[in-house]
Amino acid sequence: MPLIIDKFKKNKDEESKIKKTILSNNSTLLGIPYYILLFGLIVFPFFIMVLYAFSSTSGSIFQIEFTLKNFAMFFNEKLFVKTMFESLYLAALSTVFTLLVGYPLAYFITKQSRRKQALLIALITSTMWVNMLIRANALKQVTEMFAPKLLGTDFIIILGNVYMFLPFMVLPIYTILSRIDKSLLEGAADLGATPLQTFRRVVLPLSLSGVVSGSMMVFLPAATTLIVPKYLGDGKRILIGKLIEDAVLQSHNYGYGAAVSIVIGVILIGFIVLLKKVDKYDEVLSNEED
């Protein structure tokens, strides 16, 4: 009898190993289109950009001469460096104000019934159904009618970024808040915590991963956006996105534009790393998936 049981266990182990192998092979096959798109749309274009940034070309991409002059040209222009930091400053302010609006809104939505939650999320994301160019132009026309002096100011550019990117902040925060185990809130209340203490010590720490994701999704496009400063800046504000556009489309200086893009990219990666270090509670939510 023990021999039969041992043999049965071995057969079950072999079957589980075969199933895992089949699933692994299927996952690899299903991932091939993704890897092709990843290489064609991200890896290869990024390689070309790096090639342009660190080379001096004379009419053809195949005549390459390694150089750092594109980076030196950027850092030697104080106006360009100032423009870069001004763009990052406005993007950071836009992220903060978007968070101040988006977090309470996401928290409010989670307190509603399932049906109302779906309706409110649909209303918030409905702005994304309209082209960004049309939305920026509409906001510009409204501003011209009621407060034309605001065009070209930091206030209207920040307001435009908040309006454009608010859904990107609300959705990840709402997703995390809706996943928080309600027993944690009940446990805090049983231990005598007030609603404010429960929010500060339980809800806020557990929702940091949503805050981090939302902040990245707002800060990254806000730092390099072309449409918002173009329409709401009223020609008075030249930010880093416009600088890159002029270098590539008007001056045809692809190496310089690529160098500026890489500098901005490195700064943004540093910002992402710092944000990721803030989130230390994501593993607490894993019980929802178990």
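The analysis underlying the following values was restricted to heavy atoms, covering all of them including side chains, and did not include hydrogens, waters or symmetry mates.
- Closest heavy-atom contact between Leu151 and Glu144: CD1-CG, 3.4 Å.
- Looking at Thr225 and Met132, their side chains come closer than 4.5 Å, going by heavy atoms from C-beta outward.
- Taking CZ of Phe199 as the reference point, atom CG of Leu206 lies at 11.0 Å (rounded to 0.5 Å).
- One N or O on the side chain of Gln112 and one on the backbone of Phe108 form a donor-acceptor pair closer than 3.5 Å.
- In this structure, Phe168 is a member of the same hydrophobic cluster as Ile158, with clusters built from ILVMFWY side-chain heavy atoms closer than 4.5 Å.
- Atom CG of Asn137 and atom CG of Leu133 lie 6.5 Å apart (nearest 0.5 Å).
- A single hydrophobic cluster is seen to contain both Ile267 and Leu68, as judged by linkage of ILVMFWY side chains at heavy-atom distances under 4.5 Å, directly or through other members.
- Side-chain contact between Thr110 and Ile180 is absent, with no heavy-atom pair separated by less than 4.5 Å.
- Heavy atoms only, all atoms of each residue included: Ile173 and Ala106 are closest at CG2-CB, 3.7 Å.
- Going from atom CG of Leu105 over to atom CG of Leu99 covers 12.0 Å, rounded to the nearest 0.5 Å.
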- Task: Check step by step if side chain to side chain contact (heavy atoms under 4.5 Å, CB included) holds for Leu88 and Leu268.
- Result: CA-CA 9 Å; Leu88 296 174; Leu268 295 180; 4.3 Å; yes
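- Between Ser87 and Ala223, the shortest heavy-atom contact is CB-O, 3.8 Å.
- When all heavy atoms of Pro229 and Leu239 are compared, the pair lying nearest together is CB-CD1, 3.8 Å.
- Proximity of a side-chain donor or acceptor of Ser178 to a complementary backbone N or O of Thr175 within less than 3.5 Å is detected.
- No side-chain heavy atom of Val101 sits under 4.5 Å from any side-chain heavy atom of Thr98.
- Linking ILVMFWY residues whenever their side-chain heavy atoms come closer than 4.5 Å, directly or via other members, places Leu177 and Leu184 in the same cluster.
- Annotation: side chain of Lys116 is not in contact with side chain of Ile109 (no heavy-atom distance under 4.5 Å).
- Rounding to the nearest 0.5 angstrom, the gap separating the CD1 atom in Ile176 from the CG atom in Leu171 is 12.0 Å.
- Ile240 and Thr83 get closest at one heavy-atom pair: N-CG2, 3.7 Å.
- Heavy-atom neighbours of Phe71 CZ from other residues, nucleotides or ligands within 6.0 Å: above the threshold of 12.
- For Glu245, the salt bridge (charged side-chain N to carboxylate O under 4.0 Å, His left out) criterion is met by Lys242, not counting sequence neighbours.
- Hydrophobic clustering keeps Val218 apart from Val170 (ILVMFWY residues linked when any side-chain heavy atoms are closer than 4.5 Å, directly or through intermediates).
- Under a hydrophobic clustering in which Ile, Leu, Val, Met, Phe, Trp and Tyr are joined whenever their side-chain heavy atoms come within less than 4.5 Å, directly or via other members, Leu226 and Met49 fall into different clusters.
- Proximity of Met169 to Met217: side-chain heavy atoms (C-beta onward) are nowhere separated by under 4.5 Å.
- Using a 4.5 Å cut-off on side-chain heavy atoms (C-beta onward), Lys78 and Val81 make no contact.
- If you take CG on Leu90 and OG1 on Thr95, they are separated by 10.5 Å, rounding to the nearest 0.5 Å.
- Counting only N and O atoms by type, the side chains of Ser207 and Tyr103 include a donor and acceptor under 3.5 Å apart.
- Sparse packing is recorded around NZ of Lys230, with 12 or fewer heavy atoms of other residues, nucleotides or ligands lying under 6.0 Å away.
- Going from atom OG of Ser94 over to atom CG of Asn161 covers 3.5 Å, rounded to the nearest 0.5 Å.
- Of all heavy-atom pairs spanning Pro167 and Met128, the tightest one is CB-SD, 3.4 Å.
- No close placement of the Phe219 and Phe165 rings is indicated, their centers lying 6.0 Å or farther apart.
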Let me check something: any side-chain donor-acceptor pairs from residues 253-264 under 3.5 Å, sequence neighbours excluded? List them with distances.
{"from": "Asn253", "atom 1": "OD1", "to": "Tyr256", "atom 2": "N", "distance (Å)": "3.2"}
{"from": "Ser261", "atom 1": "OG", "to": "Gly257", "atom 2": "O", "distance (Å)": "2.9"}

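- Inter-residue side-chain proximity for Thr198 and Thr194 is flagged as unmet; no heavy-atom pair is nearer than 4.5 Å.
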- Could you please spell out the steps behind the side chain to side chain contact (heavy atoms under 4.5 Å, CB included) verdict for Phe54 and Thr67? CA-CA 5 Å; Phe54 288 96; Thr67 180; over 6 Å; no
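- The closest side-chain heavy-atom distance from Leu41 to Phe39 is not below 4.5 Å.
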- CA sep, side-chain torsions, deciding dist, call: Tyr52, Ile48, side chain to side chain contact (heavy atoms under 4.5 Å, CB included): CA-CA 6 Å; Tyr52 270 120; Ile48 295 298; 3.6 Å; yes
- Task: Give the C-alpha distance, both sets of side-chain angles, the deciding distance and a yes or no for side chain to side chain contact (heavy atoms under 4.5 Å, CB included) between Phe271 and Leu274.
- Result: CA-CA 5 Å; Phe271 173 77; Leu274 289 176; 5.8 Å; no
